[in-house]
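Worksheet for the structure shown next.
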There are 4 protein chains.
Amino acid sequence: MPPIVSDSYKEKKKREILSSALVCFAKKGFQVATIDDIVEHSGISKGAIYNYFKSKDEIYLELMATDTEESFELLTKDLSTYKCAMEKIHYLFDVYLSFNVLEEETHSKIIVHNEFKLYAARNQEIMEKLTARRHHYLIQLFVEIIKEGQESGEFKHQLKPETTANLFWSMIDGVTIQSIYNDYPYKEVLNEMKQLFLEKVKA
Amino acid sequence: MPPIVSDSYKEKKKREILSSALVCFAKKGFQVATIDDIVEHSGISKGAIYNYFKSKDEIYLELMATDTEESFELLTKDLSTYKCAMEKIHYLFDVYLSFNVLEEETHSKIIVHNEFKLYAARNQEIMEKLTARRHHYLIQLFVEIIKEGQESGEFKHQLKPETTANLFWSMIDGVTIQSIYNDYPYKEVLNEMKQLFLEKVKA
Amino acid sequence: MPPIVSDSYKEKKKREILSSALVCFAKKGFQVATIDDIVEHSGISKGAIYNYFKSKDEIYLELMATDTEESFELLTKDLSTYKCAMEKIHYLFDVYLSFNVLEEETHSKIIVHNEFKLYAARNQEIMEKLTARRHHYLIQLFVEIIKEGQESGEFKHQLKPETTANLFWSMIDGVTIQSIYNDYPYKEVLNEMKQLFLEKVKA
Amino acid sequence: MPPIVSDSYKEKKKREILSSALVCFAKKGFQVATIDDIVEHSGISKGAIYNYFKSKDEIYLELMATDTEESFELLTKDLSTYKCAMEKIHYLFDVYLSFNVLEEETHSKIIVHNEFKLYAARNQEIMEKLTARRHHYLIQLFVEIIKEGQESGEFKHQLKPETTANLFWSMIDGVTIQSIYNDYPYKEVLNEMKQLFLEKVKA
DNA sequence: TATGAATGAGATTTCATTCAT
DNA sequence: TATGAATGAAATCTCATTCAT
């Protein structure tokens with residue numbers, strides 16, 4: 001007997017649930033947001049949610065899993081259109097410079113993204129996955145650009161690609177998390193960082 | 001008749017509870033850690049805890065309140081022994097460079113400190129307090145040093161003290177939070193930042 | 001998709017809980033009776049009870065709300081079958097004369113009904129509702145009868161309907177609450193009251 | 001070794017506690033009022049209270065015990081100054097007519113007095129004591145007056161003294177408890193009762 | 001597959017009572 | 001005797017999860 005509903009239907013439903021869950025977790029935090037909050041926000045019944053996910057925890061883990069991927073997609077989307085490494089670095093900074101951290105949605109995303117990290121930080125198994133993913137996606141992405149720049153002669157040769165990648169992401173993480181403070185001059189600080197960073201890398 | 005126990009006894013007891021609570025919150029997170037965890041860790045009875053704090057939330061808030069102050073104390077402890085602004089900046093970086101982020105306790109503190117921020121981020125009133133405290137303690141501290149350096153001619157005159165202070169703390173925050181990832185080269189990245197930063201500020 | 005259970009099912013369930021709660025409150029008093037008592041008596045789980053009522057207090061308030069209405073229903077049930085006012089007064093007394101105050105259930109109801117009043121007496125808002133309800137139902141009911149009797153010439157014209165109504169209910173309340181004493185001659189006293197009252201009103 | 005504090009001191013202390021407890025119970029009800037409320041109101045420490053009373057329940061029971069006695073004292077105070085039975089009945093009604101039920105203190109006393117009854121009503125042993133006390137003090141008091149009036153020819157001979165006594169107290173109880181309703185015409189109703197009652201008894 | 005009523009473990013909090021000082 | 005900090009049993013309420021329909 002063929003499945004009564006198509007896989008694509010199921011996929012769509014899952015994404016619906018995840019998207020509502022993200023909103024709820026962003027608003028209240030994972031622990032405080034309840035399944036009923038998700039029910040209310042998504043309009044999908046409790047039973048249905050449990051048909052798609054074994055537990056509240058699983059919803060959270062799935063969201064965490066997609067978190068890095070989404071960042072990655074966002075970052076790589078137009079990256080290939082830039083030809084030289086320096087432009088790529090510019091582009092990466094500009095992606096973050098374009099964030100409006102005062103916007104409700106951005107603000108929420110930053111909070112929930114950091115909550116993911118803290119949640120993982122207390123759970124060795126999840127932390128390992130998250131670390132691996134970060135390496136695979138974010139660090140590698142940057143390492144490639146550094147290497148490309150070094151080969152093209154744009155960047156200093158003594159730069160350690162991995163350290164530089166970590167430096168970049170640490171700075172980004174720094175401004176991002178500080179942006180939750182009221183009146184934090186996000187753009188100003190990030191621009192300083194950009195300038196600092198570019199001077200550091202350019203040959 | 002004199003009071004049964006002295007105020008200092010009560011103060012000590014309160015600190016005992018707070019210190020146990022901090023450990024528990026660090027280990028499991030505020031939501032997951034229970035009053036029973038604190039009872040078990042502190043050896044103080046549930047009722048006694050509620051004699052000192054009205055609610056679990058109040059314990060958390062009190063911990064948050066002391067969080068910045070403790071950092072501030074740590075940072076200002078030896079700061080006055082340094083005579084020139086440049087040395088002071090060195091010192092501030094070195095305080096963070098001396099952190100052993102692999103140590104259980106440091107790791108926990110970093111996590112719980114960031115959890116404080118996220119908790120506050122969802123609560124306008126608390127966020128305002130936290131922002132004010134950050135300004136009063138951390139930003140001002142750094143602004144003074146920058147100004148001092150500018151007056152003594154050690155630092156560039158075109159530096160905007162406040163932006164520079166924000167830059168510093170954003171970088172510190174960035175490495176700190178990234179340190180929760182396994183195998184993160186905390187010291188290496190922080191050293192790069194220090195170097196970058198010093199070059200930026202020095203006249 | 002139709003609702004899982006009908007509204008009448010939910011109504012029935014609610015009444016089940018209320019009825020169990022009434023028994024428990026009657027047996028032990030509102031403060032002493034616990035939700036677990038209601039769970040045990042009703043066989044309905046704690047969670048289910050909280051699905052129907054927000055709090056123990058709400059259960060109590062709902063019971064209070066229905067208390068007067070039930071009395072009113074009991075009293076008005078056959079009242080219309082009596083044609084003249086005098087017969088109606090007779091009927092009202094007889095309703096109370098038919099109470100067997102030695103019976104466990106009646107005894108409990110009297111206690112819980114009076115507990116309602118005391119509870120309300122400490123809460124201005126609830127008291128106002130209770131007072132309004134008493135006026136609307138019990139006092140008006142009696143006032144109508146008095147007026148009817150005055151118009152038909154059965155009753156004295158100088159009777160003040162409202163005062164007379166209050167007199168009636170005060171006497172009823174008096175015997176009722178005294179009935180909780182062991183060996184109180186409930187019927188005898190109430191019969192005296194009836195006789196006294198009838199003489200007073202009849203033209 | 002002689003007692004360090006005199007018996008009269010202890011007696012005074014006990015009365016202090018009881019008087020504070022009465023206020024607290026009146027304000028909040030026995031179950032809701034806490035020992036800490038009594039501590040706060042009396043200014044006597046928790047430990048001291050437990051030196052004088054074994055439990056919160058015991059405080060309550062002692063208050064109940066004095067409740068009837070106090071009424072009795074109030075009623076008998078000037079009763080002997082009246083020579084004829086009819087005047088005595090007048091006096092008894094007038095005592096209650098002189099109550100200002102709108103006054104905070106009177107209101108509270110009525111509530112707590114009725115709470116005593118309900119509390120007792122759920123406890124056979126206490127109920128027996130209360131019933132006995134009522135008989136001994138209140139009913140007997142009235143029975144004597146009725147008999148006196150019958151002997152002097154003031155009252156009807158066919159009155160059953162005990163029933164008449166019960167009738168009197170039931171009416172008093174009725175107006176008293178109804179007085180907790182807002183805008184209850186206490187004096188008006190009680191005056192009607194007095195008139196009714198006097199007509200009933202007088203020869 | 002969808003629904004939402006039911007479940008009950010487990011959390012927070014209260015407060016009568018004890019007891020060291 | 002007086003004090004009030006400490007205790008812990010027991011209460012209320014929440015909410016992730018199950019399951020009959």
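Letters A, B, ... mirror the listed sequences (proteins, then strands); counts begin at 1.
A:I38 places its CD1 atom 16 Å from the P atom of E:dG4, with the value rounded to the nearest Å. Look at CD1 on A:I49: it is 15 Å from P on F:dC15, rounded to the nearest Å. In this structure, C:N51 atom CG and F:dA16 atom P are separated by 13 Å, rounded to whole Å. Distance, D:K13 NZ to F:dT1 C1': 8 Å, rounded to whole Å. As rounded to whole Å, 17 Å separates atom P of F:dT21 from atom NZ of C:K10. Atom CD1 of D:I17 and atom P of F:dT3 are 10 Å apart (whole Å). Distance A:I44 CD1 to E:dG4 P: 12 Å, rounded to the nearest Å. Here the P atom of nucleotide F:dT17 and the CD1 atom of A:I59 are 9 Å apart, to the nearest Å.
Using a 4.5 Å cut-off on side-chain heavy atoms (C-beta onward), B:I110 and B:I177 make no contact.
A 3.5 Å limit on both hydrogen-bonding distances identifies E:dA2 as the Watson-Crick or G-U partner of F:dT21. Taking a pair to require two hydrogen-bonding distances under 3.5 Å in either a Watson-Crick or a G-U wobble arrangement, F:dC15 pairs with E:dG8.
A salt bridge does not link A:E125 to A:K129: none of the charged nitrogens lies less than 4.0 Å from a carboxylate oxygen. Ion pairing between A:E115 and A:K28 fails under the 4.0 Å rule for side-chain N and carboxylate O. Using a cutoff of 4.0 Å between basic side-chain nitrogens and carboxylate oxygens, C:E62 and C:K54 are not scored as salt-bridged.
C:Y119 and C:N114 share no side-chain donor-acceptor pair at under 3.5 Å.
Geometric assessment of C:K14 against the ring of C:Y9 yields a negative cation-pi assignment under the 6.0 Å and 45° thresholds.
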Between protein and nucleotides 9-14 of chain E, map the contacts as a letter string: B base, S sugar-phosphate only, - none, heavy atoms under 4.0 Å, written 5' to 3'. -BSSBB
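In this model, the phosphate group of E:dA2 is approached by a side-chain N or O of A:Y9 to a distance below 4.0 Å at OP1 or OP2. Contact check, D:S45 against F:dA2: no side-chain N or O comes under 4.0 Å of OP1 or OP2.
A distance-only check finds a donor-acceptor pair linking the side chain of A:R122 to the backbone of B:A26 [under 3.5 Å].
Among the protein residues, B:Y52 comes within range of the sugar-phosphate backbone only, with heavy atoms under 4.0 Å from sugar or phosphate atoms but none that close to a base.
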